[in-house]
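Since the structure comes first, as structure tokens, the remarks are kept for the end.
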Amino acid sequence: MQPAQRRAYGRRATPAVAALITVLAAAGLGGCTGSDAKPGTDDGASGDSGTAVSAEPGRYRTLPEACGAVGRKTLQTLLPGAEQDDRVYDGQASVTYDIDRRDGCRWKLETASGTRYLTIDFQRVVSYDPSVSDDDRAQAAYEKKAAAAHIPAATGSPSASSSTRTEGGASGGSGSSSPSGSGSAAAGETGKGDKGSKNNKSGKNDTGDKGDKKSGTPSTDAGASGGSDQTDTAPQDTAPRRLDDLGDDAFLDDQLITKDSGIHRDITLVFRSSNVIATIEYDQWTTDTKRIPSSQELQENAQDLADELTGRLNE
């Protein structure tokens, strides 16, 4: 009888075990359901924090060859008399380690009446900060050049407003009338239609006697046309200023310098197109202090060259 009883006890225990298994299974499903909810919430939060947006890259990825960027006819105008030696038109390339980031060229013409120098420089600006675009970085670099040359700030720009308020606070009653009342500031608002001259040059690093430039005499005080002893008729039209119709930003600078060895006028034109900054330096030297190089002629030549270079960039 004992074996039969043991089997009976085994059959009676089976419902209890089944109930226990059911309870444990239900608890396990509930735990799985709860754990699934939390990862779902975390996934949604991580998706919202998401991907960082990089600033837009600049328009240009390469630069034109500087010595080949200026046409023959343009060089003939900028360097009159070079026809006697065609090698002058070849130019001398600047030393550079990455022609896609920076390139330049320099021309020099010596004649009996004096010497002319022409230098162009291309700089492609790249921002390695993903939050700052190449264009913004290039504009900041351009504005530093304009400030170093003492070019009047652009009207309506944040830097112009800040500068006006600061000057007004420092000078008391002069206020906003100071920048608008000066001749150079008024000329600074004109565009290329009023072609002419520039003021201080910055960044000149040529060798020879060009390296020891002084502040010199302002171009508006002693200008002459055609290399004669005549006085400029419209000094305000050739004063240092920003140019409205050249690239995204542009300014023109002019400086007349007299020395014991002679006199020279130095023209600097800087313009920005997207993330490229182009610099033109155009100088005329003469040993005859009575024949002052013309602001208007040199500035017009420099602006014509700048127009040509903007076309080269967009080819």
Side-chain angles (χ1 to χ4, degrees), residues 49-71 74 91 93-106 118-163 188-189 191-192 198 200-205 240-253 267-282 302-315:
S49 60
T51 55
V53 179
S54 297
E56 185 177 357
R59 182 190 312 163
Y60 303 105
R61 297 290 184 271
T62 60
L63 292 173
E65 180 193 1
C67 288
V70 186
T74 303
S94 303
V95 176
T96 180
Y97 299 99
D98 186 353
I99 59 175
D100 287 334
R101 290 292 303 276
R102 192 153 199 167
D103 196 17
C105 193
R106 184 174 184 265
L118 172 64
T119 303
I120 63 174
D121 176 81
F122 294 119
Q123 178 185 2
R124 184 172 67 90
V125 179
V126 177
S127 173
Y128 294 101
D129 184 347
S131 64
V132 180
S133 69
D134 293 347
D135 282 25
D136 289 343
R137 185 74 71 187
Q139 185 176 18
Y142 163 84
E143 289 297 342
K144 286 183 180 180
K145 290 178 177 287
H150 306 290
I151 302 299
T155 303
S157 67
S159 59
S161 301
S162 175
S163 174
E189 305 307 323
K192 185 184 171 184
K198 321 174 197 177
N200 275 350
K201 293 192 72 174
S202 60
K204 180 78 77 173
N205 57 3
R241 65 198 184 278
R242 293 180 183 258
L243 304 175
D244 296 332
D245 56 352
L246 183 60
D248 296 317
D249 298 292
F251 71 80
L252 189 98
D253 190 23
I267 305 297
T268 299
L269 193 156
V270 179
F271 70 87
R272 179 185 70 86
S273 179
S274 184
N275 60 318
V276 170
I277 299 174
T279 302
I280 298 170
E281 295 178 347
Y282 184 42
Q303 290 183 74
D304 289 341
L305 173 57
D307 286 335
E308 183 174 332
L309 295 182
T310 55
R312 294 289 187 185
L313 288 173
N314 295 324
E315 288 180 349

Exercise. Between Glu143 and Arg242, does at least one N-O distance fall below 4.0 Å, as a salt bridge requires?
Worked result: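 Looking at Glu143 and Arg242, the cut-off is met.
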For this session: Could you tell me whether Arg124 and Asp100 have a side-chain N and a carboxylate O separated by less than 4.0 Å?
Result: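 Salt bridge between Arg124 and Asp100, a charged N being under 4.0 Å from a carboxylate O: no.
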Does any part of the side chain of [Y], heavy atoms only, come nearer than 4.5 Å to the side chain of [X], both counted from C-beta?
X      : Y      : answer
Gln123 : Val125 : yes
Leu63  : Ile99  : no
Asp304 : Thr74  : no
Arg241 : Ile151 : no
Phe271 : Asp248 : no

Problem set entry | Residue from Ser131, Ser133, Ser127 passing side-chain hydrogen bond (donor to acceptor under 3.5 Å, both in side chains) with Asp129 |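 Going through the options one by one, the only one that passes is Ser131.
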Exercise. So how far is it from Arg101 CZ to Phe122 CZ, rounded to the nearest 0.5 Å?
Worked result: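 Answer rounded to 0.5 Å: 15.5 Å.
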Exercise. side-chain contact (heavy atoms from CB on, under 4.5 Å) with Ile280: which of Thr119, Asp121, Leu118, Leu252?
Worked result: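 Answer after filtering Thr119, Asp121, Leu118, Leu252: Leu118.
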Look at the side chain of [X] and the backbone N and O of [Y], then say whether any donor-acceptor pair between them is shorter than 3.5 Å.
X      : Y      : result
Glu308 : Val70  : no
Asp103 : Ser94  : no
Arg272 : Ser274 : yes
Asn275 : Tyr60  : yes

Problem set entry | Stepwise side chain to side chain contact (heavy atoms under 4.5 Å, CB included) test for Ser273 and Arg59 | CA-CA 9 Å; Ser273 179; Arg59 182 190 312 163; 3.5 Å; yes
Measure across [X] and [Y] and return the closest heavy-atom pair with its distance rounded to 0.1 Å.
X      : Y      : answer
Asp135 : Gly58  : OD1-CA, 3.6 Å
Ala66  : Ile120 : O-CD1, 3.3 Å
Cys67  : Gly104 : SG-O, 4.4 Å
Leu269 : Gln303 : CD1-CG, 3.6 Å

Problem set entry | Aromatic ring proximity, centroids under 6.0 angstrom, Tyr142 and Phe251 |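 Yes; Tyr142 has its ring centre under 6.0 Å from that of Phe251.
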For this session: Could you give me the CA-CA distance, side-chain angles and deciding distance for Tyr128 and Asp134, then say whether side chain to side chain donor-acceptor pair (under 3.5 Å) is met?
Result: CA-CA 8 Å; Tyr128 294 101; Asp134 293 347; over 6 Å; no
